[in-house]
Amino acid sequence: MTELCDLSKIPDFEIAKLVAKRDVLQYTIEVVDQLLNKIGETKGYADLTNPPHQPTNQTVTTPINTEPNFDHLPFKSYKTKQAATSEESCWIFANTKGAEPLLTAIQNNNGKAALGSFEYSLTGPEKQFITRKPLKQEPKTQ
């Protein structure tokens with residue numbers, strides 16, 4: 001018989017990571033469900049698990065400016081420990097409420113993601129922080 005570990009000895013941070021993973025998955029499920037419902041309403045599908053066959057010559061349009069905006073997250077300045085400005089490097093805890101889509105994007109991109117005018121990455125010994133730094137602007141040539 002397999003011996004069970006003592007669950008009372010699991011560190012709080014590991015529990016917080018599990019909760020964050022659960023929240024990311026739940027958020028993802030909710031977003032996909034909402035998207036499928038909207039698609040179903042728009043196309044008049046009764047059952048989205050088996051939509052009618054689509055012709056292959058149909059044009060698919062993608063909305064412009066689909067870059068996510070994470071300015072609402074409480075990023076903190078390394079220097080002042082206060083709310084960060086958009087020009088400085090800063091951080092938040094990876095399990096910050098509302099950061100789930102950002103965390104997912106970073107995890108799906110090998111720990112780094114360039115979104116909008118920032119680069120986001122996971123840092124810390126246990127990847128418990130999300131850091132943000134402005135992307136370097138290429139000098140304009142004339």
Side-chain angles (χ1 to χ4, degrees), residues 2-52 54-142:
T2 305
E3 210 172 294
L4 295 177
C5 66
D6 184 0
L7 297 177
S8 67
K9 294 187 183 204
I10 295 175
D12 289 344
F13 182 74
E14 290 298 321
I15 295 169
K17 283 179 18 181
L18 287 171
V19 169
K21 283 182 182 180
R22 182 206 56 203
D23 292 347
V24 167
L25 291 172
Q26 183 60 41
Y27 176 82
T28 304
I29 290 167
E30 290 172 6
V31 169
V32 170
D33 283 346
Q34 290 173 1
L35 180 60
L36 287 172
N37 286 335
K38 292 269 186 202
I39 292 169
E41 290 171 10
T42 303
K43 295 191 173 263
Y45 296 162
D47 180 12
L48 286 179
T49 59
N50 191 13
Q54 296 273 332
T56 56
N57 62 355
Q58 196 171 25
T59 304
V60 176
T61 57
T62 305
I64 298 173
N65 194 14
T66 58
E67 284 293 330
N69 183 337
F70 299 107
D71 291 343
H72 66 283
L73 296 174
F75 281 97
K76 294 186 188 278
S77 167
Y78 287 111
K79 294 176 184 176
T80 65
K81 309 295 185 248
Q82 301 299 315
T85 66
S86 61
E87 296 84 36
E88 64 184 322
S89 295
C90 49
W91 65 276
I92 57 172
F93 288 106
N95 63 351
T96 299
K97 186 170 178 72
E100 297 88 356
L102 176 58
L103 180 61
T104 301
I106 295 168
Q107 290 172 331
N108 289 341
N109 200 30
N110 296 323
K112 286 190 176 185
L115 302 167
S117 57
F118 297 102
E119 179 182 82
Y120 299 90
S121 59
L122 288 174
T123 58
E126 296 183 31
K127 306 296 184 201
Q128 70 268 36
F129 303 108
I130 295 175
T131 58
R132 179 183 85 179
K133 65 180 182 178
L135 286 172
K136 293 181 180 167
Q137 299 295 322
E138 295 294 323
K140 293 182 182 179
T141 57
Q142 294 183 346

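Throughout, numbering of the chain's residues begins at 1 and tracks the sequence. Owing to the predicted nature of the structure, the values given are computational and were not obtained by experimental measurement. Because only heavy atoms are used, hydrogens play no part in the values below, and waters and symmetry mates are left out as well, while side chains stay in.
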ask   = Does Thr104 offer a backbone N or O that forms a donor-acceptor pair with the side chain of Asn108 under 3.5 Å?
value = yes
[X]: what forms a side-chain contact (heavy atoms from CB on, under 4.5 Å) with it, not counting sequence neighbours?
| X | result |
| --- | --- |
| Asp71 | Asn69, Phe118, Arg132 |
| Phe93 | Trp91, Asn95, Thr96, Phe129 |
| Lys127 | Leu122 |

request  = Specify whether Phe75 and Tyr120 have parallel, tilted or perpendicular ring planes, treating 30° as the upper limit for parallel and 60° as the lower limit for perpendicular.
outcome  = tilted
Minimum heavy-atom distance [X]-[Y], with the two atoms named:
| X | Y | value |
| --- | --- | --- |
| Ala94 | Leu103 | O-CD2, 3.7 Å |
| Ile130 | Ala99 | CD1-CB, 4.4 Å |
| Ser89 | Lys133 | OG-CB, 3.3 Å |

message = Would you say NZ of Lys81 has more than 12 non-hydrogen atoms from neighbouring residues, nucleotides or ligands within 6.0 angstrom?
response = yes
Rounded to the nearest 0.5 Å, what separates atom [atom1] in [X] from atom [atom2] in [Y]?
| X | Y | atom1 | atom2 | result |
| --- | --- | --- | --- | --- |
| Leu102 | Leu73 | CG | CG | 6.5 Å |
| Cys90 | Gln82 | SG | CD | 13.0 Å |
| Glu87 | Ser77 | CD | OG | 11.5 Å |
| Leu115 | Ile106 | CG | CD1 | 7.5 Å |

request  = Go through the structure and list residues passing side chain to side chain donor-acceptor pair (under 3.5 Å) with Gln107, not counting sequence neighbours.
outcome  = none
query = Who pairs with Ser8 by side chain to side chain donor-acceptor pair (under 3.5 Å), at least two apart in sequence or on another chain?
reply = Asp6
request  = Name all pairs fulfilling the salt bridge (charged side-chain N to carboxylate O under 4.0 Å, His left out) condition that reach into residues 100-118, sequence neighbours left out, sorted by first residue then second.
outcome  = none
